[in-house]
Amino acid sequence: MVVQELTFWLAAILLVILTAESCAKLLNGNSFGITIAVYATVFAWYFVDPFINPESYGYLPSSLLSESYGQVLLFLIGFRVFTPVSIRWILRRRSSGTFDTRLTPEQILKAAGALWLLLFAIGVYRMGGDVMGAVFPLDGRGGATMWGRAAVETGASGFLISSAGYVFNAVAAFLGVLIFFQRRIAWRLLAGAMFAITLPYFFLAGARSHFLAAVVPFIITYLFYGRHPLIIRLAILAVAFVCLNEGFKFVVAFRDSGGYRDVLASENPYELMNEDARPSGLNMIQELCFVNVYLQTGGTSPAYGARYLNEVLNFIPRVIWPSKPMIGIDYAKWRGFESEHNENGELGVNTTVSSGMVGGGVLNFGQILGPIAAGIIMALWTGLLIRWWEQRKSLLRLVLFMLGAGLTFNLGRDITLLVLWPVVFAYFFVRLAEIWAVARFRPLPQPAIFAPSNLEPVQVSAGRLSQ
């Protein structure tokens with residue numbers, strides 16, 4: 001068991017201390033408390049699974065577990081040391097944004113709603129006009145979805161479809177946050193209706209990360225800005241967590257096994273589920289052990305940042321860059337998921353495997369520097385979140401922060417743009433809105449003084465002086 005490893009306890013104790021520090025700062029109104037999002041992410045992905053699925057760790061050598069938790073410890077140290085530096089550096093940079101946009105919450109909702117309606121209509125069109133099939137993809141991963149495409153898309157349409165899917169994800173998150181800032185009940189109900197219509201698609205499509213990207217900003221905003229007493233908000237969040245946990249068990253059980261149609265046809269759907277079903281997918285400490293073995297056995301060598309670079313350049317369409325690297329395929333093949341047939345096309349594997357937040361750093365920069373490098377990247381991300389939080393007087397920037405904070409949890413599975421694309425597209429949406437607002441609400445011309453030498457000063461409009 002992991003509890004027998006000294007490095008486990010050292011990492012756990014440091015995590016508790018750092019989390020307590022963040023909580024104290026958060027309660028005192030210090031923006032540094034936002035670092036708690038990273039600590040919660042580390043806890044969920046690296047400390048929970050060994051206690052939920054202990055049988056998955058019994059065969060791992062003690063030395064390997066000790067080394068892996070030592071790397072988690074290095075990650076935490078690197079993150080805590082570099083976060084103040086990144087915050088100072090990012091906050092001191094001049095902002096090109098305009099925060100006094102004079103846009104009301106209703107105006108922002110209208111823009112987001114119009115974009116949502118356009119994307120929803122395109123998605124329904126891609127589904128052949130099947131509205132119910134678009135909202136409720138009952139075939140799970142095995143069927144068509146609004147933004148589904150081939151794993152390796154060589155045509156230009158693949159890039160556009162993928163981009164539209166990320167934008168749809170970002171807009172759904174925007175709608176969830178905007179619910180809390182509408183001043184009229186009618187607008188609040190409209191935002192809630194669009195948000196609610198969207199959620200079944202993300203839930204039933206089977207990608208838990210996309211569903212979390214849409215719903216977690218809503219949950220965080222409720223925690224910060226909900227009108228109920230704090231104890232009520234915490235109780236509701238606890239219930240929401242239990243529902244998410246049970247819901248994801250349901251999704252994992254049926255998303256790949258023919259979809260959900262058999263569930264709907266069954267009188268007792270729970271009879272179709274394994275009684276011992278437990279949360280899965282939080283096993284990044286296990287993957288970190290495999291990553292270490294991958295390096296130690298010579299399966300690969302540190303990429304010295306090349307893997308991170310491939311992640312950054314992944315947005316380039318394959319039609320422009322035919323030889324674009326396929327991210328993570330080498331690791332998935334080494335893990336034994338190579339496809340024996342050609343049903344997966346160029347991909348060559350029947351599933352991809354995430355190496356984890358810390359594991360990605362190890363693959364890039366080795367077993368010592370790698371965890372520290374991952375900590376530095378997360379420190380930079382946290383600095384950016386704090387910058388947006390400091391700009392929260394602008395509702396657009398506040399929504400951007402909520403979306404980014406919600407995506408932080410997904411970064412625990414991999415530090416990749418595939419996670420961050422919703423917030424990237426959302427940032428472009430925010431900047432366009434700010435630029436439009438500046439042009440739309442340009443300040444009125446200031447009066448100018450024209451004083452001929454033989455007359456008393458006369459105040460006239462600056463606009464008329466040019467006539």
Side-chain angles (χ1 to χ4, degrees), residues 22-23 26-27 29 31 33-38 40-41 44 99 101 103-113 115-116 167-199 202-203 209-241 243-244 381-382 384-411 419-420 422-423 425-427 429-430 433:
S22 293
C23 288
L26 199 60
L27 292 174
S31 299
I34 291 171
T35 53
I36 194 173
V38 175
T41 299
F99 309 126
T101 60
L103 294 173
T104 66
E106 291 78 13
Q107 289 173 319
I108 297 173
L109 176 60
K110 288 177 182 178
L115 184 56
W116 176 88
V167 173
F168 192 62
N169 209 169
V171 171
F174 257 61
L175 293 173
V177 175
L178 290 173
I179 292 172
F180 297 94
F181 299 98
Q182 303 305 309
R183 293 171 292 189
R184 295 173 57 184
I185 294 179
W187 290 110
R188 195 175 303 133
L189 291 175
L190 178 62
M194 289 187 289
F195 181 64
I197 290 172
T198 308
L199 290 184
F202 289 113
F203 183 74
S209 60
H210 292 172
F211 180 78
L212 289 174
V215 78
V216 171
F218 170 84
I219 293 173
I220 297 175
T221 308
Y222 173 72
L223 179 62
F224 281 30
Y225 293 95
R227 299 180 182 180
H228 299 118
L230 180 60
I231 187 66
I232 300 297
R233 279 179 278 164
L234 292 176
I236 291 176
L237 289 179
V239 173
F241 173 78
C243 293
L244 278 176
W381 170 246
T382 303
L384 183 59
L385 288 180
I386 290 175
R387 178 184 177 90
W388 289 338
W389 174 252
E390 293 291 339
Q391 299 166 347
R392 65 187 179 277
K393 289 184 179 180
S394 164
L395 179 56
L396 287 170
R397 296 287 171 144
L398 177 62
V399 177
L400 198 60
F401 164 79
M402 292 298 177
L403 177 55
L407 290 174
T408 300
F409 178 80
N410 290 343
L411 288 175
V419 169
L420 295 178
V423 80
F425 284 110
Y427 178 78
F429 173 82
V430 167

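- Residues Phe202 and Phe168 are in side-chain contact: their nearest non-hydrogen atoms beyond the backbone lie under 4.5 Å apart.
- In this structure the side chain of Pro105 never reaches within 4.5 angstrom of the side chain of Leu109, judged on heavy atoms.
- A donor-acceptor distance shorter than 3.5 angstrom exists from the side chain of Asn169 to the backbone of His210, with no hydrogens or angles considered.
- With sequence neighbours excluded, no residue forms a salt bridge (charged side-chain N to carboxylate O under 4.0 Å, His left out) with Arg227.
- For Glu390, there are no salt bridge (charged side-chain N to carboxylate O under 4.0 Å, His left out) partners at least two apart in sequence or on another chain.
- The line from CZ of Phe181 to OG1 of Thr221 is 6.0 Å long, rounded to the nearest 0.5 Å.
- Considering all non-hydrogen atoms of both residues, Ala173 and Leu403 come closest at CB-CD1, 3.6 Å.
- The CG atom of Leu420 sits 6.0 Å away from the CG atom of Leu407 when rounded to the nearest 0.5 Å.
- Proximity of the aromatic rings of Phe180 and Phe224 is defined here by a centroid distance below 6.0 angstrom, and this criterion is not met.
- Other residues, nucleotides and ligands contribute only 12 or fewer heavy atoms inside 6.0 Å of the CD1 atom of Ile185.
- Counting only heavy atoms from C-beta outward, the side chains of Val216 and Phe409 never approach each other to under 4.5 Å.
- In the displayed structure, Tyr225 atom OH is contacted under 6.0 Å by more than 12 heavy atoms of other residues, nucleotides or ligands.
- Separation of atoms CG (Leu385) and OG (Ser31) is listed at 11.0 Å; rounding is to 0.5 Å.
- In plain terms, the two heavy atoms of Val171 and Ala112 that are nearest each other are CG1-O, 3.5 Å.
- Under the ring-ring contact (aromatic ring centres under 6.0 Å, His included) criterion, Phe401 pairs with Trp389, sequence neighbours left out.
- A pairwise comparison of heavy atoms in Phe174 and Ala426 identifies CE1-CB, 3.7 Å as the closest pair.
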>> side chain to side chain contact (heavy atoms under 4.5 Å, CB included), that's the test. Do Ser209 and Val419 meet it? Break it down for me.
In response: CA-CA 8 Å; Ser209 60; Val419 169; 6.0 Å; no

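- Here Leu103 contributes atom CG and Leu395 contributes atom CG; the two are 9.0 Å apart, rounded to the nearest 0.5 Å.
- Minimum heavy-atom separation, Trp388 to Leu400: CE2-CD2, 3.5 Å.
- Closest heavy-atom contact between Leu175 and Gly113: CD2-N, 4.4 Å.
- Considering all non-hydrogen atoms of both residues, Gln391 and Arg397 come closest at OE1-NH1, 3.0 Å.
- In this structure, the separation between CE on Met402 and CG on Leu223 is 8.5 Å, given to the nearest 0.5 Å.
- In terms of modelled atom types and a separation under 3.5 Å, the side chain of Arg392 and the main chain of Leu398 share no donor-acceptor contact.
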After noting the C-alpha distance and the side-chain angles of Thr35 and Ser22, does the key distance pass the side-chain hydrogen bond (donor to acceptor under 3.5 Å, both in side chains) rule? CA-CA 6 Å; Thr35 53; Ser22 293; 2.6 Å; yes

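- Taking the side chain as every heavy atom from C-beta outward, Thr41 and Leu411 never approach each other to under 4.5 Å.
- In this structure, Gln182 contributes its side chain and Ile179 its backbone to no donor-acceptor pair below 3.5 Å.
- Here Trp187 contributes atom CH2 and Leu178 contributes atom CG; the two are 12.0 Å apart, rounded to the nearest 0.5 Å.
- For the pair Glu106 and Arg183, the salt-bridge criterion is met [side-chain N within less than 4.0 Å of a carboxylate O].
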